[in-house]
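Notes follow the structure.
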Number of protein chains: 4
Amino acid sequence: MSPPKRRGRPPNQLAQARILKAAHDILTEDGFGRLTVEAVAARSGVGKPTIYRHWANASELAMAALMSGDPGIFAGGGTSLRSALAGQMRSLIQAFATTRGRQIAMTLAAADPESEFTKAFRNQVILSSREAGRALLLEAAARGEITLQHDLEVLLDMIYGPVFYRLLVGHRSLDTGFADGIVAIALEAVAARADR
Amino acid sequence: MSPPKRRGRPPNQLAQARILKAAHDILTEDGFGRLTVEAVAARSGVGKPTIYRHWANASELAMAALMSGDPGIFAGGGTSLRSALAGQMRSLIQAFATTRGRQIAMTLAAADPESEFTKAFRNQVILSSREAGRALLLEAAARGEITLQHDLEVLLDMIYGPVFYRLLVGHRSLDTGFADGIVAIALEAVAARADR
Amino acid sequence: MSPPKRRGRPPNQLAQARILKAAHDILTEDGFGRLTVEAVAARSGVGKPTIYRHWANASELAMAALMSGDPGIFAGGGTSLRSALAGQMRSLIQAFATTRGRQIAMTLAAADPESEFTKAFRNQVILSSREAGRALLLEAAARGEITLQHDLEVLLDMIYGPVFYRLLVGHRSLDTGFADGIVAIALEAVAARADR
Amino acid sequence: MSPPKRRGRPPNQLAQARILKAAHDILTEDGFGRLTVEAVAARSGVGKPTIYRHWANASELAMAALMSGDPGIFAGGGTSLRSALAGQMRSLIQAFATTRGRQIAMTLAAADPESEFTKAFRNQVILSSREAGRALLLEAAARGEITLQHDLEVLLDMIYGPVFYRLLVGHRSLDTGFADGIVAIALEAVAARADR
DNA sequence: CACTAATCGAGACGGTACGTCTAGTCTTTAA
DNA sequence: TTAAAGACTAGACGTACCGTCTCGATTAGTG
């Protein structure tokens, strides 16, 4: 395909990078509440309309900033389902047991749940781990290691939901023992007899 | 002890009721984003300082409004653990599968997590169901119906966390089947052989 | 006990004295702009309704405070009209060439010009010197020292008006030379030949 | 001179005009006490920050409104000093013997006396007449009509001070006779023998 | 090479809401 | 009985951002 070759001055890629950098810095230094379009414009040296040309509001900008430095799906390397799942859960919890974890929750709560941008954010930041877990379970079932006798969607929510529950509610800490505890209970539900 | 008998004019209980009423109405009609102190003052016919005398900001006011009409702990009537827990989960999900549920999640995410007010809100609105579930499980264990072989805190988070997970992330709906699915999987973890 | 702790109904005078003391202190320490009923109530330990029972607003309170510590009419001792008038003008200017002078001007400008309280304030604080000057001039005319060939009211305004003019406008300073200059010019208008 | 050519969106001249118009209308209709930034914003259809971008507070806004419709210096046409000065004084008194006169006094009293804005207001609204009078006197002295034997600054204050004195204190009315009386007495001080 | 279209920075605009302060009124309790 | 303490309705204060809009400057293509 031929590039469209638009007439005017092309968008400045550097400007977007500076915007995301500034947004990210503000998030880590001052928190979600200080992430205003005004502050990002001032810090990045970019005009406000330039920001609004790419993101509709501060929430989308926050999501973009949180996505920009995101390693993505956490692959849990391991031979058995237990070790793979436990590895993934530990990575996940380690990644979220920081200020960034709570910022993600706040951003998600503040965002318009119907927006396309929000959906992309959910899929990449929140649900990617859940999808990776689904893959692990399906592979284990395929090689006969487990039997999926219950609703898989519910099971996935019971594995990954508690992480965000503790993040949002804050009644108990996110730590390695929590990761292992979830895996242990979850495996009960897939009749992983051989693993007991 | 004699009542404290404070010196000046006592707080007007009616004013507080009107404030909470107005806040509740705005929440249900316009949503969390429209719940501003200004709007509540205008709607309730109360001065802004009167609101600030009782609540530090709009978040606390939202929490107070959400708590004010709250039925509290959801008792799950039933003879067996399964029926009791399933009853409670159905009630819980029914109560949260509305606009109010998402508002609770948004409010919690926006609130200062260290504030005393936030902690009270968490205990009354979020964790009361979890505590009720803990009671159900401990009673069932006491009468020998189940064996608590795993970490009870983790198990409770796996039962109640998924509700808020779906509420916050919105990837799947909150319905009766979800309630039953959670109970079914949770009971696997307490070795409820007799119930199978 | 050093503070005389009265039993029963406290004396009315004490409360008023405390109010005026507090108002005066606020005027000298923080200026006219900070003299609010709220601040006086807080500082004097008196309830706001008690203040409103005696003064209609902060302006009246300011006037009362400014009158309370007022030495009143400035008598200009001296044998001749020139020396008597010059003595009075020097005293007047010395009394007003302070922060208090400007506060009096501000208070007068802010007050309701029709109020009875304002009229009393004008008579006691502003016009008393003018009346003293009138007496000096009439006495000098009676003993043949001068001839009042022009409108006495206008002449009096030309003697005392400039003081408040400089006070309000602030374009030049209030000093001894100013007092003497006014007297010198004023005496031209009364044909004080013998004094030239 | 090259115009500076500033970068951003230029200030909306129309908005400033509307602000001053609204401020002026409020001053004449409701008085100085009702001239709040809030009311001006509501009446002019302009945002509050736009007002604060140009004026620091309601006092400055009042001064700007009073200056905006100001005819400026009152030239007293006439062949002799007496007729010229009497003409100017009559114009001056006519201009100030209205509600606007008292508003000017109140505004000046309420304003920060050190502010640059206040100084400009004083020079344009209060002292311009005094400067015009100084010019008249110096011209008359130059053509030998009078002899300036006393301090000119004091004399000017004795001519223009009484106007503001009566305005502020309100003990007597501002009228034509007052203007003439001031001129008559003032001319005594400049040895205007030929004019007697 | 001039023209032209698009984007950039800057920043003022009309607004909304903030949280604070003060006004003046009203209601209890204490002296 | 009166004054204190203090909560009330009311509303202006000055600030922070919002999201929109107009500018002049900059930067490519296109003609």
Side-chain angles (χ1 to χ4, degrees), chain A residues 4-12 14-15 34-42 44-53 56-58, chain B residues 4-16 33-42 44-54 56-58, chain C residues 5-12 14-15 34-42 44-53 56-58, chain D residues 4-16 18 33-42 44-54 56-58:
Chain A
K5 286 284 181 186
R6 301 176 56 191
R7 283 280 312 261
R9 174 179 177 171
N12 185 357
L14 182 59
R34 294 289 182 181
L35 185 71
T36 65
V37 173
E38 203 107 358
V40 171
S44 65
V46 151
K48 282 204 290 174
T50 304
I51 296 177
Y52 280 109
R53 210 166 286 130
N57 47 51
Chain B
K5 289 284 182 184
R6 298 177 55 190
R7 284 284 309 264
R9 174 177 176 172
N12 186 355
Q13 242 68 34
L14 182 59
Q16 299 193 35
R34 294 288 182 180
L35 185 71
T36 65
V37 172
E38 202 106 359
V40 171
S44 65
V46 150
K48 283 204 292 173
T50 301
I51 297 178
Y52 281 109
R53 227 189 306 278
H54 298 291
N57 47 51
Chain C
K5 203 170 187 179
R6 309 289 175 91
R7 293 205 154 270
R9 186 198 308 171
N12 206 339
L14 183 59
R34 294 288 183 182
L35 184 71
T36 64
V37 173
E38 200 106 0
V40 171
S44 65
V46 152
K48 282 203 289 174
T50 304
I51 297 177
Y52 280 109
R53 207 166 290 129
N57 47 51
Chain D
K5 288 285 179 186
R6 298 176 56 190
R7 282 289 303 267
R9 174 178 176 170
N12 185 356
Q13 241 68 33
L14 182 59
Q16 299 192 35
R18 276 192 293 164
R34 294 288 183 180
L35 185 72
T36 64
V37 173
E38 202 105 0
V40 171
S44 65
V46 149
K48 280 205 293 173
T50 300
I51 297 178
Y52 280 110
R53 214 168 282 129
H54 297 290
N57 47 51

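Lettering of chains follows the sequences in order, A, B, ..., and the numbering in each one begins at 1.
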| Looking across every strand, which nucleic acid part, if any, lies under 4.0 Å from Ala41(D) by heavy atom: base, sugar-phosphate, or nothing? | nothing
| request: Specify the closest pair of heavy atoms between Pro11(D) and Gln16(D), including all atoms of both residues, with the distance to one decimal. | output: CB-NE2, 4.0 Å
| For Glu38(B) and dG15(E), what is the distance between atoms CD and C1' respectively, to the nearest whole Å? | 12 Å
| Could you state the CG-C1' distance from Leu14(A) to dT27(F), rounded to the nearest angstrom? | 15 Å
| field | Atom-pair distance (CD1 on Ile51(D); P on dG15(E)), nearest Å | value | 12 Å
| If each of Thr36(D) and Val46(B) is mapped to the nucleotide of DNA chain F with the nearest heavy atom, which maps nearer the 5' terminus, i.e. the 5' end? | Val46(B)
| query | So which nucleotide from dA12(E), dT15(F), dG6(F) ends up closest to the side chain of Pro11(D)? | reply | dA12(E)
| message | Side chain of Asn57(D), heavy atoms from C-beta onward: which of dG14(F), dA17(E), dA7(F) has the nearest atom to it? | response | dG14(F)
| Which atom pair, heavy atoms only, marks the closest approach of Val46(D) to Thr50(D)? | CG1-CB, 3.6 Å
| said: Restricting to non-hydrogen atoms, name the atom on Ala41(D) and the atom on Gly47(D) that form the minimum distance, rounded to 0.1 Å. | reply: CB-C, 4.4 Å
| task | Could you tell me which non-hydrogen atom of Val40(D) sits nearest to which non-hydrogen atom of Leu35(D), and how far apart they are? | result | CG2-CD1, 3.7 Å
| message | If the cut-off is 4.0 Å, is Thr50(D) near the phosphate of dG14(E), judged by side-chain N/O to OP1 or OP2? | response | yes
| task | Could you check Ser44(A) against His54(D) and say which one's nearest nucleotide on DNA chain E is further toward the 5' end? | result | Ser44(A)
| said: Using a 4.0 Å heavy-atom cut-off, does Arg34(D) contact any base of the nucleic acid, only the sugar-phosphate backbone, or nothing at all? | reply: nothing
| request: Classify the side chain of Lys48(A) versus the base of dG19(F) as yes if they form a donor-acceptor pair under 3.5 Å and no if they do not. | output: yes
| message | Pick the closest DNA chain F nucleotide for Arg53(B) and for Val37(D) by heavy atoms, then say which residue is nearer the 5' end. | response | Arg53(B)
| Separation of dC17(F) P from Tyr52(A) OH (nearest whole Å) | 12 Å
| request: On DNA chain E, check which nucleotide each of Arg9(B) and Ala58(C) is closest to and give me the residue with the more 5' one. | output: Ala58(C)
